Amino acid sequence: MPELPEVETVRRGLQPILEQRVLTRVEQRRPDLRIPFPDGFAARLEGHRVEALRRRAKYLLLDLDDDTVVIAHLGMSGRMVVRPKGSNAPLETHDHVVLHTDQGESVVYNDARRFGLMTLTDRKSESSHPLLRHLALDPTEPGFTGPHLADRLAGKRTPIKAALLDQTVVGGVGNIYASEALHRAGISPRRLAASVKGQRAERLAAAIRDVIAEAIEAGGSSLRDYVQADGELGYFQHRWRVYDREDQPCPTPGCHGLVKRIVQSNRSTFYCGFCQR
DNA sequence: ACGAGAACCTGTTTGC
DNA sequence: TGCAAACAGGTTCTCG
């Protein structure tokens, strides 16, 4: 569910709730998610002020005032739900972590499938942390250019669609935006990754940058992974051109193809066989 | 050493 | 209507 734009939407939504707030109490309601919580997880957060809420690719990073960094990932089904001050709504089945702030609001981490995670590192170890160390540049960063992308793809014998999902190639792109970017760039998802270079890599880098930027602007695609007290976000799903549109007409002007669905590395890919080469 | 597929886990949708 | 199978926005392990 959450790809880079959704995680960025969550970050922006949580920023005013968490930044500069003290975590007065933290509830950890089960021993593990995809990986175990570190020893003393909740206690190590309590009493500390959140200095910043950052994002790297699909990871959320909470900087605490003692140089602790909380690493969070939403997996497929993770959500962050804001509980307003004074709410006494009961916690739900998959509410795994609750961060209570000194302003009375709290943030609830809910993840039915538990493919997400929360763990700890510190500022100086962050860049060498196993989860973050090999992450590629993400498309919102200045160095994300055609030549850079071509360099990351060089020598890869896998289809370009699979390569785009590899977080050491592009940070933050997931299954929806991989299909969307390839359609915008007119590149077949089955094309050999290493053959995407030069002008073609330039087009793909631009398409990735554009689709990610537009999706962030629209507040992401998901209506589920993030719920702000004052309403719902996630309008980008109405702008999908190929994802989840099997058998519908290709939206490229003048193209009379139909959107096809294929399976690559066990994931659905949507594309037009006419205008994507 | 690389790449494809399975596995992780639960909920929802689809098809018989 | 009911039940089972297929499928879901991610990552990581195993196997060939």
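Just so we're clear, the structure is a prediction, and the values are computed from it rather than from any experiment. The analysis underlying the following values was restricted to heavy atoms, covering all of them including side chains, and did not include hydrogens, waters or symmetry mates. Order of the sequence lines fixes the chain letters, A, B, ..., with proteins taken first and strands second; residue numbering starts at 1 for each chain.
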key: Neighbour count >12 (heavy atoms, 6.0 Å) for atom CZ, Arg190(A)   = no
Measuring to OP1 and OP2 of [N], would you say a side-chain N or O of [X] lies under 4.0 angstrom away?
X	N	value
Asn266(A)	dA6(B)	yes
Arg114(A)	dT10(B)	yes
His94(A)	dT10(B)	no
Arg34(A)	dG10(C)	no
Lys58(A)	dG10(C)	yes
Ser265(A)	dG3(B)	no
Gln264(A)	dA4(B)	no
Thr158(A)	dA4(B)	yes

Ranking dG10(C), dA8(C), dT11(C) by distance to the side chain of Gln167(A), first place goes to dT11(C)
Members sharing Leu61(A)'s hydrophobic cluster, built from side-chain contacts under 4.5 Å between Ile, Leu, Val, Met, Phe, Trp and Tyr, are Ile35(A), Tyr59(A), Val69(A), Ile71(A), Leu117(A), Leu131(A), Leu132(A), Leu135(A)
Q: List the steps, then state whether side-chain contact (heavy atoms from CB on, under 4.5 Å) holds for Phe41(A) with Leu120(A).
A: CA-CA 8 Å; Phe41(A) 174 78; Leu120(A) 299 174; 3.9 Å; yes
Taking atom types as modelled, is there a side-chain donor on Glu27(A) or His100(A) under 3.5 Å from an acceptor on the other? yes
How is [X] classified with respect to the nucleic acid when contacts are heavy atoms under 4.0 Å: base, sugar-phosphate, or nothing?
X	value
Pro130(A)	nothing
Asn175(A)	sugar-phosphate
Ile35(A)	nothing
Arg157(A)	sugar-phosphate

Would you list the atom pairs, donor with acceptor, under 3.5 Å between side chains in residues 143-163 of chain A and any protein atom, with sequence neighbours excluded?
| residue | atom | partner | partner atom | Å |
| --- | --- | --- | --- | --- |
| Thr145(A) | OG1 | His148(A) | N | 3.2 |
| Arg152(A) | NE | Thr168(A) | O | 3.3 |
| Arg152(A) | NH2 | Thr168(A) | O | 2.8 |
| Lys161(A) | NZ | Asn175(A) | OD1 | 2.8 |
| Lys161(A) | NZ | Ser268(A) | O | 3.4 |
| Lys161(A) | NZ | Thr269(A) | OG1 | 2.9 |

Counting only Watson-Crick and G-U wobble pairs with both atom distances below 3.5 Å, the stems of 3 or more consecutive pairs that include DNA chain C are B:2-8 with C:10-16, B:10-16 with C:2-8
